[in-house]
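What follows is one structure encoded as structure tokens, with my remarks underneath.
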Amino acid sequence: MRFDVITLFPELFEPFFKSGITRRAFESRQVDVRLWNPRDFADGNYKRVDDRPFGGGPGMVMMAEPLWKCLQAIRADRLEEEGALAPVVLFSPIGQRLDHAMATDWSESAGAVLLCGRYEGIDQRFIDACVDRQISLGDFVLSGGEIAAIALLDAVARLMPGVLSDEGSHQQDSFNPALSGLLDSPHHTRPEVWEGPQGPVGVPEVLLGGHHERIARYRREQSLALSQALRPELVEMARAAGQLSKADEAFLKAPKKL
């Protein structure tokens, strides 16, 4: 797949492509990312890409023309035919919230053109004419779309075959259908007893016994308990989808302590 990123700050992406386990996806071009700076398509000695908003108000607005020329260059570079254009995605507060299902959909796609806004936003005329979809990370405002673009690329990259050391790792992620969309259970590692600030703390005994069925049930119940306590809507969604067993329901009804 190929993602073309329109950004005024391409340097923000370089460390991300070279760090962590997801770099495998970018180095192998499983996720082919190309960066485009709209300043390269702006006119004049100053390569201006923003101007004051009509009607007054604070801040500056990204101009439509440099973005349009940049997008045309991307289309030409992708050798796209009419009717087979990659979608243009803008990261903005009014967009659909990014979640696991959306990341999975993008991981099975051919990619997109990711548009990272800055300042007070982008000339609405360009959005109306060229943007196909808007995505948000949540109910807050960032200084630009780059962090949101990196979040999407990371979520997609880790789902690609061969990127994670263990092929089944992402199957145990929170929100994954393999967990009925619930939160993941807690994890523990060595030492068996940690001398913590409140004294020695041991690993739950069931995890040390080697009984795979009991361990699986323990982790399922921890996942249910966490989800019920912190994200009860996830439990309701799993219940509505018929993904809770009789044992799950019995556990949820019983008194418990996290």
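The first residue of the sequence shown is numbered 1, and numbering continues consecutively from there.
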Say whether, by atom type as modelled, one donor and one acceptor occur between the side chain of [X] and the main chain of [Y] under 3.5 angstrom.
| X | Y | value |
| --- | --- | --- |
| S107 | V156 | no |
| R219 | S185 | no |
| S180 | L182 | no |
| K47 | R39 | no |
| D77 | I74 | no |
| S223 | L183 | yes |
| E192 | G202 | no |
| D32 | M1 | no |

Would you say that more than 12 heavy atoms from the other residues, nucleotides or ligands in this model lie under 6.0 Å from the [atom1] of [X], or not?
| X | atom1 | answer |
| --- | --- | --- |
| Y46 | OH | no |
| I147 | CD1 | no |
| E233 | CD | yes |

>> Using every non-hydrogen atom in the two residues, find where G145 and F91 come nearest and quote the distance to one decimal.
In response: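 That closest heavy-atom pairing would be O-CD1, 3.9 Å.
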A side-chain contact here means heavy atoms from C-beta on lying under 4.5 Å apart; do [X] and [Y] qualify?
| X | Y | result |
| --- | --- | --- |
| I21 | L164 | yes |
| F251 | Q228 | no |
| M60 | R52 | yes |

What I want to find out is whether [X] reaches [Y] closely enough, with some N-O distance under 4.0 Å, to be called a salt bridge.
| X | Y | result |
| --- | --- | --- |
| R118 | E146 | yes |
| K69 | D43 | yes |
| R125 | D128 | no |
| E249 | K246 | no |

> Restricting to pairs with a member in residues 85-99, which pass side chain to side chain donor-acceptor pair (under 3.5 Å), not counting sequence neighbours?
Replying inline: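 Applying side chain to side chain donor-acceptor pair (under 3.5 Å) to every pair that reaches into residues 85-99, excluding sequence neighbours, yields S92-Q134, Q96-R133, R97-D139.
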>> Nearest 0.5 Å, please: how far is CG in L67 from CE in M62?
In response: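 Nearest 0.5 Å value for the CE-CG distance: 4.5 Å.
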> Could you state the interatomic distance from CG (L8) to CH2 (W36), rounded to the nearest 0.5 Å?
Replying inline: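 These two atoms lie 15.0 Å from each other.
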>> Under the criterion side-chain contact (heavy atoms from CB on, under 4.5 Å), I'd like the reasoning laid out for R217 against H212: C-alpha separation, chi angles, the key distance, then a yes or no.
In response: CA-CA 9 Å; R217 187 61 212 166; H212 297 302; over 6 Å; no
>> As a test of understanding, state which of R75, R34, R78 forms a side chain to side chain donor-acceptor pair (under 3.5 Å) with D4.
In response: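 Of the listed options, the one satisfying the test is R78.
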